[in-house]
Amino acid sequence: QVQLVESGGGLVQVGGSLRLSCAASGRTLSSYFMGWFRQAPGKEREFLARMDWDYTGGNTFYADSVKGRFTISRDNAKNTVYLQMNSLKPEDTAVYYCAAGLVPTMTSSSYRYWGQGTQVTVSS
């Protein structure tokens, strides 16, 4: 079992950057595959990025909508995962969630543990 607590959301101008953090407790994140998702009002939850292992042995995968702009990473010493978001656009406005699971997928239902969500708003 793991608990996830997010931080770093807020209001940013078009073209700006934010870094979201997801701090874990209960178990080390090395026990889980990690993913980032977002959900805008009236839309389905959207996969953004996943990390299959730690910095040394992990692989990453990104949705086309954020590839080249967003970067997922983890710091095992701090038991924290990050989502660095650059070149932000108005269509990036959504509630962002981190998640932990036992399989490396892009499907939200495959992740057992979720953070509370943090609002990201990109002004136009």
Please give me the minimum heavy-atom distance between [X] and [Y], naming the atom from each residue.
X	Y	result
Gly117	Val95	CA-CG1, 3.9 Å
Leu4	Gln116	O-OE1, 3.8 Å
Ser110	Thr105	CB-OG1, 3.1 Å
Thr93	Val122	OG1-N, 3.0 Å
Ser31	Leu102	O-CD2, 4.1 Å
Ala100	Met34	CB-SD, 3.6 Å

Does the side chain of [Y] come within less than 4.5 Å of [X]'s, by heavy atoms?
X	Y	answer
Tyr82	Asp75	yes
Leu20	Phe70	no
Tyr97	Thr118	no

Is there a donor-acceptor pair under 3.5 Å between the side chain of [X] and the backbone N or O of [Y]?
X	Y	answer
Thr80	Lys78	yes
Asp92	Lys89	yes
Tyr32	Arg112	no

Answer with yes or no whether the hydrophobic clustering places [X] together with [Y]; edges join I, L, V, M, F, W, Y residues whose side-chain heavy atoms lie under 4.5 Å apart.
X	Y	result
Ile72	Val2	yes
Leu18	Val14	yes
Leu48	Met51	yes
Leu83	Leu11	no

Next on the checklist: Could you work out, with salt bridge (Lys or Arg N to Asp or Glu O under 4.0 Å) as the rule, every residue matching Lys67, not counting sequence neighbours?
Outcome noted: Asp64
Next on the checklist: Would Arg69 and Met85 count as a side chain to side chain contact (heavy atoms under 4.5 Å, CB included) here? Give the steps.
Outcome noted: CA-CA 6 Å; Arg69 299 189 297 122; Met85 306 186 297; over 6 Å; no
Checklist entry - What's the verdict on side chain to side chain contact (heavy atoms under 4.5 Å, CB included) for Phe47 and Thr107, showing C-alpha distance, side-chain angles and the deciding distance? => result CA-CA 7 Å; Phe47 167 81; Thr107 304; over 6 Å; no
Next on the checklist: Once rounded to the nearest 0.5 Å, what's the spacing between atom SG of Cys22 and atom CD of Gln3?
Outcome noted: 11.0 Å
Checklist entry - Roughly how far, to the nearest 0.5 Å, is the OH atom of Tyr113 from the SG atom of Cys98? => result 14.0 Å
Next on the checklist: Quick check: Tyr111 with Phe37 (ring centres under 6.0 Å apart)?
Outcome noted: yes
Next on the checklist: Using the side-chain hydrogen bond (donor to acceptor under 3.5 Å, both in side chains) definition, which of the options Glu6, Gln39, Arg38 pairs with Tyr96?
Outcome noted: Arg38
Checklist outcome for this item: For residues 7-19, the side-chain hydrogen bond (donor to acceptor under 3.5 Å, both in side chains) pairs (sequence neighbours left out) are Ser17-Asn86
Checklist entry - So, is the end of the Arg45 side chain (NZ or CZ) under 6.0 Å from the ring centre of Trp36 and within 45° of the ring's axis? => result no
Checklist entry - Taking atom types as modelled, is there a side-chain donor on Glu44 or Ser108 under 3.5 Å from an acceptor on the other? => result no
